[in-house]
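Below you'll find the structure, written out as structure tokens, and then a few comments.
We name chains A, B, ... by the order of the sequence lines, and we start the count at 1 in each one. Predicted, not measured: the structure shown is a model, and the values here were computed from it.
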Amino acid sequence: MIANIGFGLLIISLTVSVVAIILAIYGGVTKSAVMVESSRRASLITFPLLSLALIGLIILLITDRFEYVYVYQTSDALMPLYLKIAAVWGGQEGSLLFWCWLLSGFSFATLIKKDKTNSDLIPWVIAVTSFVTLFFLYLVLFFENPFFRFFVDMQGEVIKSLFQPLYTLQATPDQGLGMNPLLRHIGMVVHPPMLYIGFTGFVIPYAYAIAALIEGRIDSEWIKITRKWTLIAWVFLTIGLVLGSRWAYDVLGWGGYWAWDPVETSALMPWLTGTAFLHSNTGQQKRGIFKHWNVSLIILTFCLVILGTFLTRSGMLSSVHAFSESEIAPLFFGFIAIMLIASAVLLGWRWNLLRSDFSTGSFFSRESLYLFNNLIFISIFLICLVGILFPIFSELVTGQQITVGPPFYEKAAGPLFALLLLIMGVVPLSGWSVKSGKSLGRQLWKPFLVSLLLPLVLIISGVRGWFALLGLWVVFLSVCTTLYDYARSIILHSKRLKISPWRSSVRMTLNNRRRYGGYIVHLGVALMGLGIIGIEFFQTQTQALVRQDESIEIAGYTLTYRGLTIEETTDGREVAVADVQVVKDGREIAALHPAREYFYVSDQAVTRPGVRSTLADDLYVVLADWLPVTSEGATFKVYHNPLVKWLWIGTFVLVFGTLLALFPTDARRVKDTSLAKGVE
Amino acid sequence: MTERIRLTALITFCMILLFTAPVLAQDDPTVTDDQVNEIASQLYCPICENVPLDVCPSQACADWRELIREYLSQGWTEDQIKAYFAEQYGWNVLSVPPRSGLNWLIYAGPPAIFVGGAAIAVFLIMKGKKEKTPAPAIAPMTAELLEIVEKDLASEDKDDTRT
């Protein structure tokens, strides 16, 4: 019953989307406000319809309805409630429905309030968002339907069907296969939705860009609303990517956070182009430059979202994240082609209208630095694209399968990330259209000198490795310049208004949220850079078989294996937990409990590392799961990861900064001041 | 006679040493897990989905790691072991493809991308410098500017007080 209702809701949603597209296009062409309003209402209704369909699937999952193929494949009766709900995005069919729901949600959020400033764009925004939603709904309904059930025919053959075929009986398995044990983690509950929100959120900037091209809007008004939605999508994508890293760190037991897996990398690509847009759009708003570039970046970003989804869901990529092979690949391919061709045709049509001569004062003006910033983001994106597509290309041409793994990305993209951090540090002190580098030099020399102290201290302390020292210096320089600029603004502000520096900092920040939100984001990125440099350059590891009360030494820590407990859990697992005593400088500082869990239903074992985490370093202990483990002896793999905690702290800072930048500015308080005009 | 016995014993001992040395070496306890992992981390599991050999939990990978240990104990170098795996299971077990043939594209690509992009950026900036640059909307963040800004903020505060 629930499934039939769910299916019906999907059919109605599909129909409504078609109606919305037709009315929107007609309304847009004829400038008929009635038609546009009708299409807006049609588009709005999709969200509640899909919400009900999604709730239907959730009910099937939490009530263990294993006669449904999707429930059988992704859930089992022993799973806790939160994992049963998370199973919605644990498989191809459910996650596609979830995609549709999010897409319609973004359309709903955009259209619920009438946008009078951009009313000419609205019909096209509706048409584009409804078209994208329609495509995904089509996939859900006709290729990856989560409401299929099991039936058995007269010969005992199992049939998967939406409705009961003649001469069959419904089959209900006693138990489901359950979720992959690796995915049974709180990170799995949060990471995919965040990533999907980020992905689907880019549909709104894309829709506005297409609408602006159709209407020939070259002003910066539409770019403002596009920037807001890009920022929303970007922050969710950032959270999703970092949560994925955290999940890998917590669950996969290899002591790292990022493996340059093709699916990970394909999720990073829209983030890179989206971040480039978040910087370059300022050029359009402030100086009327980068118009072609901004539209191209928005189009590229959303096409990359769809490309990443296509690569992940088509079975084309070899990845631990990939879904199984599916028939939807050609459809995705066609959809990407339509989007790219249509966007390119529109861009070509409006090319002359968008023409804006790039004028700059010097190589050190803000325009030029933004240009370099975008160049680096795009270079990293192209490196990722080459890394993902080259194995497919190589296999097509030579028949030889190859892997493009972390060493390629680290060598090719690593120096570029360092350059980005350097530019990030310099840009806040640069000015628009300055004629020479002298002005920048005058702003920069003080924080520059202070920043040199860090590598000096590190070298004196015995830290070696030129690339690591260079990376740490660049991080410190960007922190110094950001804080320097902020501090001198506060001092002047507080002197001027005769208020305390603390009050001044709060007032100044709240009055210039976009600028100082951006500063906080940059500080967050610098902190994340610190964590990444720590683990990439200074990680050490060791592995050994130890008997009870024997020890392993690493980075000044002594880890002693004290024993093992094995217990059966009520949810179908056997859990072996080791007791490891950690001693440093003769003092016991922690007891770690790395574990190995064996899942009976799926016949699969996973490891859970024991981690002692501080601001200075993480001690990360894994029970190697391919060797026997007993209370007498066990094999441990131990990682020492310096500074990695700053990666997670930096993310919090980044998110806080983005939320601050997003928070609506009170127009009454902040007028068009010089500050708001110039220094963003 | 005694000389002959001594000579025979010496030859026999040498023969035994010659034939048993590799066997003894296979049990060489000096090959540590860390040495094995050092090489295994540069190889990918030939049968799993994109999983490095040093962390792959499957039994097949455990066996391959033991194979690396065995070859190390026989004195094979890192390059020899990697070449052996590539020959047996294909290039996809290597974390990066060998520098040959079409694969050069992937090594030449990133520098070419960056150099090409930088050339375009430099060209645009040089061209942009020749364009008539409009008066700056704002000067660099100097103290003078900040003073102006503070005046603005102060006037806003007065406005706020009035309202």
Side-chain angles (χ1 to χ4, degrees), chain A residues 253-254 261-262 286 318-320 322 357-363 367-368 371-372 375 378-379 382-383 386 390 394 397-398 400-408 412 416 429-434 439 443 485 489 492-493 496-497 511 542-544 605 625-626 669 671 673-675 677-679, chain B residues 32-34 37 42 44 49-52 54-55 57-59 61-62 90-97 101-103 105-106 109-110 113-114 117-118 120-121 124-125 127-129 131-143 145-154 156-157 160 163:
Chain A
W254 48 273
D261 176 275
K286 302 294 173 195
S318 170
S319 162
V320 286
D357 289 324
F358 179 76
S359 61
T360 181
S362 69
F363 279 91
E367 296 93 327
S368 302
L371 189 66
F372 281 119
L375 161 71
I378 294 304
S379 297
L382 287 173
I383 287 166
V386 167
F390 189 73
S394 169
V397 175
T398 65
Q400 175 78 52
Q401 286 186 328
I402 61 159
T403 302
V404 178
F408 165 77
L416 296 181
L429 300 179
S430 68
W432 294 103
S433 299
V434 289
S439 157
Q443 310 291 323
D485 193 41
S489 303
L492 275 166
H493 186 269
R496 192 81 209 152
L497 298 185
N511 282 346
T542 188
Q543 180 182 304
D625 61 352
W626 52 84
R669 277 190 65 82
K671 295 168 190 169
T673 62
S674 303
L675 189 65
K677 264 185 191 168
V679 273
Chain B
T32 63
D33 288 354
D34 291 342
N37 284 339
Q42 299 173 55
Y44 275 79
E49 295 284 2
N50 225 39
V51 182
D54 64 323
V55 292
S58 72
Q59 186 54 48
C61 286
W91 284 349
N92 59 329
V93 297
L94 302 173
S95 56
V96 282
L102 193 69
N103 296 338
L105 282 176
I106 206 155
I113 288 166
F114 185 69
I120 294 169
L124 283 174
I125 292 169
K127 192 168 162 271
K129 279 170 77 176
E131 301 276 337
K132 193 184 171 193
T133 313
I138 189 164
M141 275 296 289
T142 59
L145 168 72
L146 284 167
E147 260 186 87
I148 295 165
V149 168
E150 297 323 319
K151 277 180 191 167
D152 286 344
L153 283 171
E156 275 180 34
D157 291 331
D160 286 347
T163 53

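Minimum heavy-atom separation, B:I106 to B:P110: O-CD, 3.1 Å. Contact between A:S394 and B:L102 at its shortest, heavy atoms only, is CA-CD2, 4.2 Å. Of all non-hydrogen atoms in B:N103 and B:W91, the two that sit nearest each other are ND2-CZ3, 3.3 Å. Closest approach of A:A412 and A:I383 over heavy atoms only: O-CD1, 3.6 Å. Shortest non-hydrogen contact noted between A:P262 and B:N50 is CD-ND2, 3.1 Å. Scanning both residues, A:Q543 and B:D34, for their nearest heavy atoms gives N-OD1, 2.7 Å.
At a 4.5 Å heavy-atom cutoff, the contact between B:I125 and chain A is made by backbone and side-chain atoms alike. Of the two parts of A:L375, only the side chain, counted from C-beta on, holds a non-hydrogen atom closer than 4.5 Å to a non-hydrogen atom of chain B. Interface remark: A:I378 contributes no atoms to any contact with chain B (heavy atom separation under 4.5 Å). Contact of B:F114 with chain A is made through backbone and side chain together, with heavy-atom distances under 4.5 Å. Interface residue A:Q400: only side-chain heavy atoms are found under 4.5 Å from chain B. Interface remark: A:I402 contributes backbone and side-chain atoms alike to the contact with chain B (heavy atom separation under 4.5 Å). A:F372 touches chain B through its side chain: at least one heavy atom from C-beta onward sits under 4.5 Å away, while N, CA, C and O do not. Of the atoms belonging to A:T398, it is side-chain heavy atoms, and not backbone ones, that fall under 4.5 Å from chain B. Both the backbone and the side chain of A:F363 come within contact range of chain B, with heavy atoms under 4.5 Å apart.
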**Message:** B:D54 vs A:W254, test: side chain to side chain contact (heavy atoms under 4.5 Å, CB included). Steps then yes/no.
**Reply:** CA-CA 9 Å; B:D54 64 323; A:W254 48 273; over 6 Å; no
